[in-house]
Each structure stands twice: as structure tokens, then as C-alpha cells.
There are 2 protein chains.
Amino acid sequence: MTATNEDTIANRICRILAARIVTGELEPGTKLRQDHIAEEFGTSHVPVREAFRRLEAQGLAVSKPRRGVRVATFSLDDVREVAEMRAALEVLALRHAAPHLTPSILDLAEAATVEADNARDVRSWEEANRRFHRLLLAPCGMPRLLAAIDDLHAVSARFLFATWRSDWEVRPDHDHRAILAFLRQRRTENAAAVLERHVQRIGQKPAKNASGGAFAIVG
Amino acid sequence: MTATNEDTIANRICRILAARIVTGELEPGTKLRQDHIAEEFGTSHVPVREAFRRLEAQGLAVSKPRRGVRVATFSLDDVREVAEMRAALEVLALRHAAPHLTPSILDLAEAATVEADNARDVRSWEEANRRFHRLLLAPCGMPRLLAAIDDLHAVSARFLFATWRSDWEVRPDHDHRAILAFLRQRRTENAAAVLERHVQRIGQKPAKNASGGAFAIVG
DNA sequence: GCCCGAGAAATTATAGATAATATTGAAATC
DNA sequence: GATTTCAATATTATCTATAATTTCTCGGGC
């Protein structure tokens, strides 16, 4: 029952740092100092360095030789790029997953949509939204594709959390319901088309809402 | 003029091991022992471990905690998955790159095609082929997308090298020429359609050639 | 007042060493 | 003869220490 035995220290550090970066607790550009992190986790700096390498590969951190590691910055262009990649890959995954979607999976996805619509904060909305996407795509049986989509989701979530620091307004997600309706009718291509537009909206220019604050459409 | 100063030891080890894995010099399933590799490169094992983490992220190696790192194995399903991902992402890249393609870039791509057609071995064919794809896609200006495509190319190349161990037959690439022709006419969507089919062919079931040996269409 | 440089402090990258774990092979048992 | 157990070996994951590089700071000169 040794929980630490299943997982390496480097992996744990990587997961925790990734969560901090995604939620914005660690701001873009922040220096990640290996000795400080090592001290915080009560380890040496070697596993910390290994965690850095994984974060780098996921695009959450940037390292320059001999100049340290920083939390990756991201521009609107980056967000748009990730949105387009997600759109292309999620459509691919949905096409392969559709034949294996069961009514019970679609019910779970609908429940996730309802949860997202009722979410009171951005964090629980993000969790429910990601669950919706994952439920529909997981049956594609393409592990590398799913892993790539997950990484892109993480970057999208960074943008989401950065935009909606504290305030969050409830708004029903019509795209999700449309996708589910099409999938129930086995009209895969229609569902894929809605999904593609839906995901591409992530990177759209933030617009003004009624109260004057900027907001971005997210998916 | 210190070349080693520009690059970290871990990076160098990673690049060299990646090349060995891709070319098949290191066979799938081979155990990668950190102490042996460290000794070969005349370093300690710490940079070796960091290199392992990058190889893992690229999908070229698989590591299980406390059980070491092995060269990743790959099945025909894996190859097909990578082919589909490449098709989706390369089409996306081409759509964005097309407006920025100049006649001189297209000329270089044509030269690469000629080189590939005349290649006497699989290795030089692969180099020319990859150059062709990269020339056409690089102007898209989406660095993360290009990096993802590069990683997928590496996995495709593993399959290529594994299939064509030594023998290699010259065969002109009609797809490449068709893509170039469409791009010269600014018919981006036609070019994208050919590219999509072209890349998807990678994972197609190996067929028999005249001499009776199995061969796979590759792109 | 501003810029430049030398020295100091902090930090990274690497090396060498240690403890814990998995693997292997041989002997003993069924 | 096959199987299980146990110890020897090999390997991994980690820690401590060291060398090298970068950044910071403070003082002097323009």
C-alpha cells in the first residue's frame, strides 16, 4: 500500500507544477528555481530537473541552457494555434470514436454538459467541459491521439483560467447539446462539423459583454 | 567556438539516441541502461535520465518506474494512428502555409522530390521526403504544430526504416508532383486533398511487389 | 545623472556515491 | 523433472558535493 512506490518523485513534482501552471497559480514567465522547488518537496534537485523536462515537452515550461527554466508565456496567436490543432485532432478522434459510442456514454456526456452549465466557478466548468470532450473521444482507441489532445486541453485551460480570473457567468452550451443530438442520430459528420467550429472558437478575439468586461468564448 | 556550450549534454544524448531508434539501430524493446549509456558518452547518468524523459515524451521510449526504459515498440495500428494524425495536422499546416508559399520555395520542394525519386537508399529518400514536407509546411508560422508534425515524422520514419532494411527501389512520387502543381495554381484545397490521401497511405497494409517481398507505401 | 566593470552571490549542470528495488541463477523441495 | 525459494547481482532512483556559468550589486569613472 505504498502510494509513493507506484509513482516516481519526478512524476509527482511534474503533475503538481503542471496544475499550478495551468490554473495560473504560477504566472507566465515565472522563474522555476530547482533548488527552491527541491526544498519545497523535500527532495534533491535531480528529480526536479526531470520534471522540468516533462513540463518542457508538454509546452508548459521553456528552458534555456544555463539560463534556467521559466513558465511558458502564451499569446493570443498561441491560443489560436492550439485551438486549430485541437479542432483538427478532436474531429479525427470523434470520427473514429463515433461507431463505438453507446447510449450510456452519451448519457454521461449529457450529464457533464448539465454540470458545466450549472458550474458556479471556472474551475468546475473546466472540469466538466473536459470530461464531456473526453467521454466522446476516448472510445476512438488511439492512445497517442488522446494524449496529444489532453496536452492541448491543458494549454487551452491555461488561457481559460487566465481570462476568467474570478468572475464567471453561467451560460448554457448549445454546441454540446447539438453534438449530442447529432451523435444520437448517428449523424457523425454533422456532429464533427459542430465540434470543429466549437473548438475553433476558443481562440476567437475576446469580445465585450453586457457589463463591459472582456470575455472570450471557450470550449 | 565551444560547440558543447550551445547545447546541453542531455540534449546531445537525446538526439543521438533518437537517431539510433528511428533508424532501427536500436531495435524496439531494447533495454536502455543508463549506466552503460553514461559510460559510452563519458558522462554521469543524470543527463542520461533527462534524455530519457525527452525520448519518452516523443514516444520513442517507454519507461516504467523502477523497471527501466525500453525502446518503444510499435504495431501496424500505431503506424496507422500516426498516419491519420499526420494527415490531419499536415493538412491544417498546409492551409495556413499556402498563402505564404513563394515560387522559390516550390522550386526547392520540387528539387527535393527529384532527389527523393533518384535516391539509391532508404535513408537518403527519407531525408529528401521529409525536406519536401517541411518546405511546404514551415511557412504556416505555427511552431507547436510544426514540432508535433516533426515528432510524428520520426515515428513514421521508424516504420519506414524497419520495412526497408536494405533493399530499396526507385519509384517516382506522383503525389508530390500533383501537390506542387496544385500549389502553383493556388488551388490550395486540391493540394490539401492530395496531401491528406498521400500521408494516410503510410499505414496502408503492406502489399506484394514483383519480387515477392512485402512492401509498404510510405509518405 | 548615467554607464560600465569587477567582484560577490545565486543558480545551473555535472559528477560521484548510496540506498532501495528488480532480476537472475542456483539450490532445495515437491 | 518441474517449481519454488533464496541469495547474489545488476540496475534504478535518489542524495550530496563540486565546478562552471550567469546574474546581481556596488563602486568608480565619464
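Throughout, protein chains are lettered first and strands after them, A, B, ... in sequence-line order, and every chain is numbered starting at 1.
Applying the 4.0 Å criterion to OP1 and OP2 of C:dT11, one finds that A:Arg33 has a side-chain N or O inside that range. Residue B:Thr8 places at least one side-chain N or O under 4.0 Å from the OP1 or OP2 atom of C:dT14. For D:dT23, one of the phosphate oxygens OP1 or OP2 lies less than 4.0 angstrom from a side-chain nitrogen or oxygen of A:Arg67.
Taking atom CG on A:Asn11 and atom C1' on D:dT14, their separation rounds to 14 Å, with Å as the unit. Counting to the nearest Å, the P atom of D:dT18 and the CD atom of A:Gln34 are 17 Å from each other. Between A:Asp35 atom CG and D:dA17 atom P there is a gap of 13 Å when expressed in whole angstrom units. Nucleotide D:dT12 holds its C1' atom 10 Å from the NZ atom of B:Lys31, rounded to whole Å. D:dT21 atom P lies 12 Å from atom CD1 of B:Ile9, rounded to whole Å.
Sorted by first and then second residue, the salt bridge (charged side-chain N to carboxylate O under 4.0 Å, His left out) pairs with a member in residues 28-44 of chain A read A:Arg20-A:Glu40; sequence neighbours excluded.
Legend: residues meeting side-chain contact (heavy atoms from CB on, under 4.5 Å) with A:Thr73, ordered by chain and number and at least two apart, are A:Pro28. Taking B:Asp77 as the reference, B:Ser75, B:Arg80 meet the side-chain contact (heavy atoms from CB on, under 4.5 Å) condition, with sequence neighbours excluded. A search for side-chain contact (heavy atoms from CB on, under 4.5 Å) contacts involving B:Val91 returns B:Arg95, B:Ala192, B:Glu196, not counting sequence neighbours. Contacts of B:Arg67 classified as side chain to side chain donor-acceptor pair (under 3.5 Å), with partners at least two apart in sequence or in another chain: none.
Interface residues of residues 36-55 of chain A facing DNA chain D, ordered by number: A:Gly42, A:Thr43, A:Ser44, A:His45, A:Val46, A:Pro47; criterion, heavy-atom separation under 4.0 Å.
In the set D:dT22, C:dT21, C:dT12, C:dT21 carries the atom at the smallest distance from any side-chain atom of B:Arg66.
Shortest non-hydrogen contact noted between A:Leu89 and A:Ala148 is CD1-CB, 4.2 Å.
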